[in-house]
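Here's the structure, in structure tokens; my notes come after.
In this chain, numbering begins with 1 at the start of the sequence shown. Values below: all heavy atoms of this structure, side chains included; hydrogens, waters and symmetry mates excluded.
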Amino acid sequence: MRILVLGGTGYLGRRVMEQVRALPGARLLAGGRTGAEYTVDLAADRPERLAKTLAAAAPDAVVNCAGATGGDPVTLAEVNARGPAVLCAALREAAPAARLVHLGSAAEYGPGTPCAAVTESAPACPVTPYGATKLAGTLAVTAAGLDAVVLRIGNPVGPGAPAASLPGRMAALLRGEPARPDGRAAAGGRLRPRGRAAARGPVGLP
């Protein structure tokens with residue numbers, strides 16, 4: 001099986017790449033803006049260009065780990081909303097039978113109710129630009145008519161967690177370091193990533 005992973009240089013993407021490499025019979029294909037086997041920039045590529053790249057890769061499955069957790073609303077919209085929409089358009093043209101696994105976010109649900117669990121059937125009610133753009137990406141995927149599944153990730157914990165994430169901020173504070181919102185401070189810890197895609201590999205692949 002040929003599995004194309006997009007965004008494999010990110011925190012979750014690196015773990016997904018590790019899991020795909022370990023799958024028997026899997027052929028890992030890496031897609032990214034720089035240094036990848038296939039050059040892909042979901043924030044800027046036109047659907048026609050991306051379709052040509054997908055046709056060359058000929059994937060049986062695509063795992064989209066590309067996303068932006070910080071930045072201005074324009075950047076968030078380009079990566080989190082436009083990116084999945086362009087990817088789906090290109091897949092419909094170049095690889096309509098490929099399985100798409102898209103990483104969404106629990107931020108799509110919004111803040112929720114204190115002391116109450118949030119189930120997968122809970123209504124989406126994002127209150128931040130990040131959550132809203134991730135929800136837009138999810139809607140683009142679910143409405144695309146492809147064989148697709150969206151995994152809404154919460155707060156995966158493990159070595160290398162982005163400093164701007166909740167686990168990253170907590171790790172920095174536990175080490176006595178000032179919490180930084182710019183994502184440059186390293187975050188430690190000894191727990192392996194526990195996000196669903198990061199912990200178990202690309203869930204939903206046949």
Side-chain angles (χ1 to χ4, degrees), residues 1-69 79-106 108 120 134 136-154 156-161 192-206:
M1 171 180 284
R2 296 170 62 84
I3 303 176
L4 175 63
V5 177
L6 305 177
T9 59
Y11 175 54
L12 292 178
R14 290 195 300 271
R15 274 67 182 188
V16 170
M17 297 267 280
E18 292 172 1
Q19 296 294 320
V20 171
R21 285 192 185 97
L23 288 176
R27 164 75 161 88
L28 173 62
L29 311 171
R33 288 176 293 181
T34 58
E37 184 176 1
Y38 295 95
T39 302
V40 174
D41 185 351
L42 295 182
D45 284 353
R46 297 292 303 167
E48 300 80 8
R49 173 188 172 88
L50 183 54
K52 291 181 180 179
T53 302
L54 292 174
D60 298 299
V62 177
V63 185
N64 182 27
C65 305
T69 58
V79 180
N80 297 336
R82 179 193 187 275
V86 170
L87 175 60
C88 289
L91 279 171
R92 283 196 300 269
E93 178 179 342
R99 186 78 188 277
L100 172 61
V101 179
H102 173 71
L103 300 194
S105 171
E108 297 172 40
E120 290 187 0
K134 289 298 289 184
T138 289
L139 293 175
V141 170
T142 57
L146 298 167
D147 179 13
V149 61
V150 175
L151 306 181
R152 283 174 170 162
I153 308 300
V157 178
R192 292 185 59 80
R194 306 312 297 176
R196 285 180 291 179
R200 299 193 308 216
V203 177
L205 293 176

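The only option from V149, L91, V63 that meets the side-chain contact (heavy atoms from CB on, under 4.5 Å) definition with R99 turns out to be V149. The only option from V16, L23, D60 that meets the side-chain contact (heavy atoms from CB on, under 4.5 Å) definition with I3 turns out to be L23.
Scanning all heavy atoms of the two residues, the minimum distance from P47 to A89 falls at CB-CB, 4.3 Å. When all heavy atoms of L100 and C88 are compared, the pair lying nearest together is CD2-SG, 3.9 Å. Of all non-hydrogen atoms in A43 and V79, the two that sit nearest each other are CB-CG2, 3.9 Å. Nearest heavy-atom pair across E108 and G104 is OE2-CA, 3.4 Å. Across all their heavy atoms, L54 and A90 have their closest contact at CD1-CB, 3.6 Å.
N80 contributes a side-chain N or O that, together with a main-chain N or O of A68, makes up a donor-acceptor pair within less than 3.5 Å. No donor-acceptor pair closer than 3.5 Å links the side chain of K134 to the backbone N or O of A106.
Side-chain contact between T9 and T34 is absent, with no heavy-atom pair separated by less than 4.5 Å. Annotation: side chain of V40 is in contact with side chain of L50 (closest heavy-atom distance under 4.5 Å). With a 4.5 Å cut-off on side-chain heavy atoms, N64 and V141 do not count as touching.
The SG atom of C65 sits 11.5 Å away from the CZ atom of R15 when rounded to the nearest 0.5 Å. With rounding to the nearest 0.5 angstrom, the CG atom of L12 is 13.0 Å from the CE atom of M17. Taking CG of L87 as the start and NE2 of H102 as the end, the distance is 8.5 Å to the nearest 0.5 Å. The line from CE of M1 to CG of L29 is 11.5 Å long, rounded to the nearest 0.5 Å. In this structure, K52 NZ and D45 CG are separated by 12.0 Å, a value rounded to the nearest 0.5 Å. Between E18 atom CD and L28 atom CG the span is 11.0 Å, to the nearest 0.5 Å.
Shown here is R46, whose CZ atom has no more than 12 heavy atoms of other residues, nucleotides or ligands within 6.0 Å. The number of heavy-atom neighbours closer than 6.0 Å to CZ of R14, taken from other residues, nucleotides and ligands shown, is above 12.
Note on E37 versus R2: no salt bridge recorded, every NZ/NE/NH1/NH2 to OD/OE distance being 4.0 Å or above.
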